Enquirer: 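Would you mind keeping the following structure in view while I ask a few things?
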Amino acid sequence: MHMKSVLSPVQPFHFQECLRFLNRNTDEPVWKVDGDRLLKLFTLGEKSVVGEISEEDGAVHIQFSDTLEEEELGLLTTYASEWLDMERDLQPFYDQMSACPLLGPIVPQYPGMRLIRMPDLFEAISWAILGQQINLTFAYRLKQRITQEWGASREYEGHILYAFPDPAVIAEMEPEVMRPMQVSQRKAEYIIGVAKEISSGNLSKQKLLSSENPVADMVAIRGVGKWTAEYVLMKCLGYTNGFPIQDVGLHNAIKKQLGMDRKPTYEEIEEYAKLWTGWEGYATFYLWRSLSS
DNA sequence: TGCCAGGGATTCT
DNA sequence: AGAATCCATGGC
């Protein structure tokens with residue numbers, strides 16, 4: 001028996017725009033865009049299940065490959081909802097940005113575009129660390145190598161699908177074991193350190209979500225600075241005000257958008273961002289999007 | 001080829 | 001506190 005779940009995203013919701021973002025790099029290992037559908041391998045303890053996400057009549061359908069307990073179905077449905085940020089009402093964002101000289105012209109170009117999230121905390125922090133100070137293309141390859149080496153996998157309709165490694169597995173590793181993946185010694189140490197924090201229970205999404213200062217909690221972890229913490233805030237925890245102001249992509253997007261011959265200073269960025277209050281993460285995401293039109 | 005990449009820790013002044 | 005320095009490798 002196959003299991004299915006149907007979700008109704010808050011409108012406007014642009015599924016194809018989600019797929020566009022998720023398909024921006026073919027080395028991405030933990031999901032696959034296959035035509036008009038999205039494939040992902042989920043792990044639930046010892047077992048795994050493939051989710052096939054598609055859009056039908058404005059609703060998002062998730063078809064699972066195996067039978068699930070009701071609780072499991074709920075968990076995976078929540079994952080998908082967070083992943084594509086389906087519950088977000090964009091209207092306040094639209095209203096606020098219409099008064100912004102920088103974002104005003106950009107936002108209407110991508111109607112219904114969601115900030116694509118990364119609901120798994122270990123994956124999100126690891127991805128942020130991997131992406132520090134290297135080009136994205138290379139970062140994807142690092143993620144792919146680590147995933148294919150230590151993540152679960154399953155074949156599905158001719159695709160080999162992978163899940164991001166379990167933190168409990170990575171926590172037991174020595175940095176030297178990760179070095180052959182071309183990950184720097186430092187980053188290997190950082191990621192293993194994060195894996196230990198998560199698998200020990202010291203660090204969890206739930207704790208961060210109920211913390212008064214999740215950024216401070218994260219910055220206390222070695223390898224996690226302000227940029228990484230704010231990135232995780234917006235990409236994983238769902239805070240639309242997460243704001244990685246040091247982000248090079250953000251700087252380049254502002255430079256391009258304003259036709260500047262240099263990157264903006266932090267003072268200038270903060271000045272623009274005064275109009276983004278509460279929506280800094282979304283503003284950043286839309287600026288990233290404007291780089292690749 | 002050389003600069004730079006979705007930074008951060010460490011070590012200096 | 002704030003500025004240099006190193007990390008580590010590949011993309012363009």
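Values below: every heavy atom of this structure, side chains too, minus hydrogens, waters and symmetry copies. Please read all numbers here as calculations on a predicted model, not as lab measurements. Chain letters run A, B, ... following the sequence lines, proteins first, then strands; residues in each count from 1.
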Enquirer: Mark up nucleotides 8-13 of chain B, 5' to 3', with B wherever a protein heavy atom is under 4.0 angstrom from a base atom, S wherever such an atom reaches only the sugar-phosphate, and - elsewhere.
Expert: BSS---
Enquirer: Tell me which residues in residues 254-279 of chain A put a heavy atom below 4.0 Å from DNA chain B, sorted by number, or none.
Expert: A:Lys263
Enquirer: Tell me: NZ of A:Lys187 to P of C:dG10, nearest whole Å?
Expert: 12 Å
Enquirer: Rounded to whole angstroms, how far apart are CG on A:Asn252 and C1' on B:dC4?
Expert: 10 Å
Enquirer: What is the distance, to the nearest angstrom, from the CG atom on A:Leu136 to the C1' atom on B:dA5?
Expert: 8 Å
Enquirer: State whether the side chain of A:Ser211 and the backbone N or O of A:Lys207 hold a donor-acceptor pair below 3.5 Å, judged by distance alone.
Expert: no
Enquirer: A:Gln182 side chain: which of B:dA5, C:dT9, C:dC12 is closest?
Expert: C:dT9
Enquirer: For DNA chain B, find the residues of residues 103-113 of chain A with a heavy-atom distance under 4.0 Å and give them by number; none if there aren't any.
Expert: none
Enquirer: Please list, chain by chain and in numerical order, all residues satisfying side chain to side chain donor-acceptor pair (under 3.5 Å) with A:Gln91, sequence neighbours excluded.
Expert: A:Asp95
Enquirer: Are A:Lys205 and A:Glu82 within salt-bridge range, i.e. N to O under 4.0 Å?
Expert: yes
Enquirer: Should the pair A:Glu28-A:Lys143 be classified as a salt bridge under the 4.0 Å nitrogen-to-oxygen rule?
Expert: yes
Enquirer: Donor-acceptor pair, distance only, cut-off 3.5 Å: does the side chain of A:Gln16 make one with the backbone of A:Cys18?
Expert: no
Enquirer: Nearest to the side chain of A:Phe138 - B:dG7, C:dC12, C:dT9?
Expert: C:dT9
Enquirer: Can you confirm if the NZ or CZ of A:Lys40 lies within 45° of the ring axis of A:Trp83 and under 6.0 Å from the centre of its six-membered ring?
Expert: yes
Enquirer: Any donor-acceptor pair under 3.5 Å linking the side-chain atoms of A:Tyr282 with those of A:Asp85?
Expert: yes
Enquirer: Between C:dA8 and B:dG2, how far is it from one P atom to the other, in whole Å?
Expert: 22 Å
Enquirer: If I pick the P atom on B:dC3 and the same atom on C:dT5, what distance separates them, to the nearest angstrom?
Expert: 16 Å
Enquirer: Can you sort out the partners of A:Ser184 under side-chain contact (heavy atoms from CB on, under 4.5 Å), two or more places apart, ordered by chain and number?
Expert: A:Arg186, A:Lys187
Enquirer: Should A:Asn135 be listed as having a side-chain N or O under 4.0 Å from OP1 or OP2 of B:dC3?
Expert: no
Enquirer: Between A:Arg145 and A:Glu149, is there a salt bridge with N-O shorter than 4.0 Å?
Expert: no
Enquirer: So, OP1 or OP2 of C:dT9: does either fall under 4.0 Å of a side-chain N or O from A:Arg179?
Expert: yes
Enquirer: Under 6.0 Å between the ring centres of A:Tyr140 and A:Trp127?
Expert: yes
Enquirer: In whole Å, what is the span from the CG atom of A:Leu130 to the P atom of C:dT9?
Expert: 14 Å
Enquirer: Got a sec, which residues hit side-chain contact (heavy atoms from CB on, under 4.5 Å) with A:Ala152, two or more places apart in sequence or on another chain?
Expert: A:Thr43, A:Ala163
